[in-house]
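Heads up, the thing below is written out as structure tokens.
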Amino acid sequence: MRVLVTGAAGFVGSHTVLELINAGYDVICLDNFANAVAGEKGAPVSLTRVSQLTGKPVPYMTCDICDEKDLEDVFKSAKIDAVIHLAALKS
Ligand SMILES: O=c1ccn([C@@H]2O[C@H](COP(=O)(O)OP(=O)(O)O[C@H]3O[C@H](CO)[C@@H](O)[C@H](O)[C@H]3O)[C@@H](O)[C@H]2O)c(=O)[nH]1
């Protein structure tokens, strides 16, 4: 089962991705990286740490969920069984 997580590089998102991968789910991470810290090579630090903790690659895409076409392309790129929507701008 493949789960799409929006806001995956955020605090709640990255912890959710970690738990999903440890539970055996395939995960696709989406984020516009408006509130994410990039590490070496530009990869988001939070998702790099999830990859280190799980020992598995963590696929992610840069996507603005307000961009309908970009979002459609994501859904066309893979079979997605469930969505956990955590992308938001905190106050
Ligand atoms: O249109 C948008 C807006 C935001 N984002 C992303 O969504 C993620 C949101 O994560 P974050 O900003 O970390 O918020 P939360 O995961 O909701 O975590 C916040 O809320 C938690 C619970 O209160 C606190 O513990 C955290 O410190 C606080 O960052 C970020 O990576 C953003 O880049 C998008 O992808 N698209």
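Atoms within each ligand, like the ligands themselves, are counted from 1 in listed order.
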Minimum heavy-atom separation for [X] and [Y], please, with both atom names.
{"X": "Tyr60", "Y": "Ala43", "result": "OH-CA, 3.5 Å"}
{"X": "Asp31", "Y": "Gly10", "result": "OD2-N, 3.8 Å"}
{"X": "Ser77", "Y": "Met61", "result": "OG-CE, 3.7 Å"}
{"X": "Leu47", "Y": "Val58", "result": "O-CG2, 4.0 Å"}

Exercise. Step by step, would you call Tyr25 with Asp81 a side-chain contact (heavy atoms from CB on, under 4.5 Å)?
Worked result: CA-CA 10 Å; Tyr25 291 94; Asp81 302 295; over 6 Å; no
Problem set entry | Any side-chain heavy-atom pair of Thr62 and Phe33 under 4.5 Å |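 Yes, their side chains come closer than 4.5 Å.
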What does the N/O contact table under 3.5 Å look like for ligand 1?
residue, atom, partner, partner atom, Å
ligand 1, 5 (N), Asn32, OD1, 3.4
ligand 1, 12 (O), Asn35, ND2, 2.7
ligand 1, 13 (O), Phe11, N, 2.9
ligand 1, 16 (O), Phe11, N, 3.3
ligand 1, 16 (O), Val12, N, 2.8
ligand 1, 29 (O), Lys90, NZ, 2.8
ligand 1, 31 (O), Gly10, N, 3.2
ligand 1, 31 (O), Asp31, OD1, 3.2
ligand 1, 31 (O), Asp31, OD2, 2.7
ligand 1, 33 (O), Asp31, OD1, 2.6
ligand 1, 33 (O), Asn32, OD1, 3.4
ligand 1, 33 (O), Ala34, N, 3.2
ligand 1, 33 (O), Asn35, N, 2.9
ligand 1, 35 (O), Asp31, OD1, 3.3
ligand 1, 35 (O), Asn32, N, 2.9
ligand 1, 35 (O), Asn32, OD1, 3.3
ligand 1, 36 (N), Asn32, OD1, 3.4
ligand 1, 36 (N), Asn32, ND2, 3.3

